[in-house]
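Worth knowing before you read on, the calculation uses all heavy atoms, side chains too, and leaves out hydrogens, waters and symmetry mates. Just so you know, ligand 1 is whichever comes first in the structure, and atom 1 is the first atom listed for that ligand.
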Amino acid sequence: MRDWPYEVFPTGWYQIGYSAELQPGEVRPVRYFDRELVLFRTEAGRLALLDAYCPHLGAHLGYGGTVVDDCIECPFHGWRWRTDGSLGTIPYDPEANRRVRIESWPTREVAGLLLTWYDAFGREPFWEWPGITEFLDEENFYPIFPQGADHIGIRKIIPQSPVENTPDFEHFPFVHGAGRAGNPITWEEKEHYLRTRISFLFGAHKAKTWLTPDGPVEGEIETEAWGLGLSNARFTLGDFVTSQLTATTPVDAEHSELFDTITASREPGDSGPEPTGKAGKMITFQKGQIRHDFKIWENQRYVEHPPFAGREAEAYASFRRWSKQFYFGPDGESAPGAGGGQQAG
Ligand code: FES
Ligand SMILES: [Fe+2]
C-alpha cells in the first residue's frame, strides 16, 4: 500500500489452506512472506511447511517432491527430509551424516483450516488460535467445506486493511449499501485479541428484504481479531447467526492470499451438507459484500494521521494503537535488518 510505514509482516497465525484440501501424501509449492515454501502432508497425516529449496543442490521440493513415509523426498537426488526439516536419509550414501537442515515453519490445523505462524523476530508461537465455534458445530451450522470455503486468491491487499474495518462504523452505507451506519456497543482488547460489538439495523429504510421480510430488524455484528491475519465477523439477527472469517496471508510486501470462510445457522429441519434457504442466500450475499471492500483496499493509500470526524476518531485511535504491537519486537524494537518484509534469522 502506498505510504505504508512498516517494513515487516505482522506477527501472528495465518491461513495457508483448508484441511480438506490437503490429503496424506500431497505436496504443494506455496509462496508466502516473500519465501518459497513447500507444504505437504505425510502418509500418517502430519502437516508440514518447509522452506522450499533442498540444501543439497537447491531443487525446489514443491515441484516433483514426493512424500515417502514421514519424509519428503527431493526430486533431484532423492535426499529425504523430515517434517521438522532435519535430514532423514541420503539414498546413495546412507552412512553420511551431513549437518544440514531445512527451515521448518510452525503449523496447526484448527476448525478445518491450515495455519502457519510468522514472526519477524524469530519468536515461537506465543498464542494459539481457538477457532470459530460455528465452524465446529455441524449440528446447528452448515459445514464450511466446500460451499463456505471461498478461495479469493492473491490480491493487492495487506493484512492491516481487512481488520481496519473493525473501527469503521461509517463505511457500511457507502461500501456495502446498508441503510445506516453501525453503533458501537463494546470494545475489548486483550493482547493479540480484539473483540467488538456493534448494533446494526438490518434492512433499514426498507419495507422488506429477503433477510428482513417483516421489515427492519435490530441485530448485532460482533467482530473478533486474532492478530491481523485472522478476523471473524458474526452477524446475529434473532436466532439466525452467520460467521464469516477473513484470512489475509502475506505473499509479498504488497500482496496477500485471501481466504473467506463462512457458515450460517441451518434452516429448520435441514441436516444436509449444503446451505439452503436463508443460510444459502446469506452466504452468497456475504461473499459478495467482502468483495465490495476490495476496490477500496486495493487502491487506497495509508493515511497515518487522518482528519477524523465523529465517532470514528476514538475507535480508530484505539485500533491503530492495538495493531501496532504486531509490527514490533518484545521491547518495541523494529526487526533486525528489517527491509523488504524478510523474516529475520
Ligand atoms: S538437490 Fe535435493 S537431493 Fe540433490
Ligand atoms: Fe467492509
Side-chain angles (χ1 to χ4, degrees), residues 27 29 36-38 40 48 50-68 71-82 85-94 96-104 150 152 155 157-184 194 196-198 200 202 219-225 228 230-235 242-248 256 258 260 262 282 285-300 312 315-316 319:
V27 176
E36 297 296 330
L37 306 167
V38 59
F40 65 97
L50 303 180
D51 274 1
Y53 298 112
C54 179
H56 178 221
L57 279 159
H60 191 305
L61 298 171
Y63 295 93
T66 48
V67 168
V68 181
C71 290
I72 184 165
E73 184 179 278
C74 179
F76 207 177
H77 314 93
W79 291 28
R80 291 182 187 174
W81 303 92
R82 300 191 187 96
S86 62
L87 178 58
T89 51
I90 301 174
Y92 49 89
D93 190 1
N97 181 16
R98 296 265 164 273
R99 291 177 170 278
V100 284
R101 63 182 303 134
I102 306 182
E103 188 164 337
S104 92
D150 190 3
I152 290 167
R155 296 277 185 153
I157 292 171
I158 60 170
Q160 180 89 10
S161 298
V163 196
E164 261 203 30
N165 253 205
T166 305
D168 195 345
F169 316 121
E170 308 294 348
H171 85 293
F172 293 105
F174 299 97
V175 176
H176 299 296
R180 257 202 213 173
N183 277 313
L194 172 65
T196 74
R197 288 163 57 222
I198 65 173
F200 192 81
F202 291 89
E220 196 181 299
I221 306 176
E222 177 192 23
T223 70
E224 292 177 284
L228 298 171
L230 299 166
S231 62
N232 193 63
R234 182 175 287 112
F235 305 83
T242 305
S243 227
Q244 181 174 24
L245 181 84
T246 303
T248 313
S256 303
L258 275 86
D260 187 43
I262 180 164
M282 184 66 171
F285 179 72
Q286 285 303 128
K287 283 181 184 175
Q289 283 292 20
I290 188 174
R291 286 168 166 79
H292 293 163
D293 287 298
F294 291 171
K295 67 176 182 299
I296 304 291
W297 299 339
E298 290 187 304
N299 298 296
Q300 79 184 117
E312 68 191 9
Y316 257 92
F319 180 81

Open item on the list: For a distance under 2.8 Å, tell me if Gln289 has an N/O/S atom near the Fe ion (ligand 2).
Closed with: no

Task: Neighbouring protein N, O or S atoms of atom 4 (Fe) of ligand 1 [cut-off: under 2.8 Å, no waters] - done: His56 ND1, His77 ND1

TODO: State whether Glu73 and Arg80 are salt-bridged, where the test is any N-O pair (Lys NZ or Arg NE/NH1/NH2 against Asp/Glu carboxylate O) under 4.0 Å.
DONE: yes

Task: Ala59 to Cys74 - nearest heavy-atom pair and separation - done: CB-SG, 3.7 Å

Task: Geometric class of the His56/His77 ring pair [parallel <30°, tilted 30-60°, perpendicular >60°] - done: perpendicular

Task: Distance-only polar pair, side chains of Thr246 and Ser231, donor-acceptor under 3.5 Å - done: no

Task: Side-chain touch Pro55/Arg98, heavy atoms, less than 4.5 angstrom - done: no

Open item on the list: Is the shortest side-chain heavy-atom distance between Asp168 and Phe319 below 4.5 Å?
Closed with: no

Open item on the list: With respect to the Fe ion (ligand 2), please indicate if His292 possesses an N, O or S atom at a distance under 2.8 Å.
Closed with: no

TODO: Drop me the distance from Ile221's CD1 to Gln244's CD, to the nearest 0.5 angstrom.
DONE: 10.0 Å

Open item on the list: Strictly under 2.8 Å, is the Fe ion (ligand 2) approached by any N, O or S atom of Asp293?
Closed with: yes

